[in-house]
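Contents: one structure, followed by commentary.
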Amino acid sequence: MWPPARVFAMTTIIRIDQPLDLGLTLQSGQAFRWRKARPSGGESGSQEWWHGFLQDEPVLLSQPSPGAPTLLIQCRRGTEAAVAARLRSYLRLDDDLPAVYRRFAADEHLAGTIQRLRGMRLLRQETWECLVGFICSGQNNVLRISLMMERMADAFGSATRLHGVARKTFPSPERLAEAGETRLRTLGLGFRAGPVAQAARLVADGEFPLAALREWPYEKAKETLMGLHGVGDKIADCVLLFSLEKPEAFPVDRWVRRAVEEWYGVKPRVARNGKPLKEAPYADVLAWAQARWGRDAGYANQYLFLGRRAVEREVGGMRTARV
DNA sequence: ACCATACCTCTCTC
DNA sequence: AGAGAGAGGTATG
């Protein structure tokens, strides 16, 4: 008899032929809405499950062990095939990561970082959610960004339930536009409430060509994104890299900046007035990275970011240990 | 063109 | 314990 009576959910298993560490990837600071979850009713054991959405479809994901060649998916009946396809796209399994690793092999810093972070992949996210997430990222940390995103969903998203996990989808531009700045402020967005509300209104009203950016070249798409209030170089590069098919994007935040300064000796240049700058200008770091890594700049960026942060945690690790 | 400052709020730190 | 700094940044003058 199939399915067996005790099976609470159909588990779809897919094989992957690319390096992947699912937990590391979902927690790598690119996306803010993946949460560890315990599906109810199953003998999930000690296995780690992640709950999130693929184009508004709630899913639970698990990888038996980091780097294992299989992925377990739970989703609503009837959505299995679509979800599996969306997941392959989301995880960019079409990127040949081993080839990227080979191109990085001679770079001692990247090679070292890859050893520790093998299987960390760039994601192909939905643009709207990605944009809002990174508008919220200024002067902020991952934990709080996630909280803000979750509160927006709780307030304005659509309810879903999957194997005991109740969560709401991330709200559309229309819904956030209706919400407005004041209401978003009450959700703890702080000074990011204005920019989020404005972007929502522009996208909802069709005054901002969010969907078209994917087809546009890097420079043009970036300029357009930076036309939005609250979107500068860094946030634009994040959205371009994580959701708009621009692998040459290279978001320069304090961690990446630290990495290129310390590991590659990228130094602030001397300004025209003769005084040395405090730090290398964004455009200088970007140009340097693109010259060095070309279309691999995005992967290099993500590895440098996590790699440099990992160093910090090792050094400071004992300090924060609770007893 | 460069620089300093304010912006909200939360968290960690001393 | 309570104040202060810092947090994956941006716009302004």
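Quick note on labels: first sequence line is chain A, next is B, and so on, each numbered from 1.
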Check ion pair A:K222-A:D233 (N to O, under 4.0 angstrom):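 A salt bridge links A:K222 with A:D233.
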Note: A:E261-A:K267 ion pair, threshold 4.0 Å (strictly below):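 Judged by the 4.0 Å cut-off on N to carboxylate O distance, A:E261 and A:K267 do not form a salt bridge.
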Pair assignment for C:dA1, Watson-Crick or G-U wobble, requiring both distances under 3.5 Å: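 When the pairing criteria are applied, nothing turns out to pair with C:dA1, so the answer is none.
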Mate of C:dG8 where both pairing distances stay under 3.5 Å, Watson-Crick or G-U: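 Base partner found: none.
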Is a donor-acceptor contact shorter than 3.5 angstrom present between the side chain of [X] and the base of [N]?
X	N	result
A:R254	C:dG9	no
A:R192	B:dC8	yes
A:R144	B:dT11	no

Where A:D296 and A:V100 come nearest, the two heavy atoms and their spacing: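 Heavy atoms of A:D296 and A:V100 come nearest at OD1-CG2, 4.1 Å.
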A:L228 or A:Q30, whichever maps to the more 5' nucleotide of DNA chain C: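 Going by which nucleotide is closer to the 5' end, it is A:Q30.
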Given B:dC8, C:dG8, C:dA11, the nucleotide with the shortest approach to the side chain of A:H229: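 The answer is C:dA11, which lies nearest to the side chain.
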Length of the CD-C1' vector between A:E279 and C:dG8, whole Å: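 Spelled out: CD on A:E279 to C1' on C:dG8 is 13 Å.
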Comparing A:L147 and A:G138 on DNA chain B - which has the more 5′ nearest nucleotide: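 The residue whose closest nucleotide sits nearer the 5' end is A:G138.
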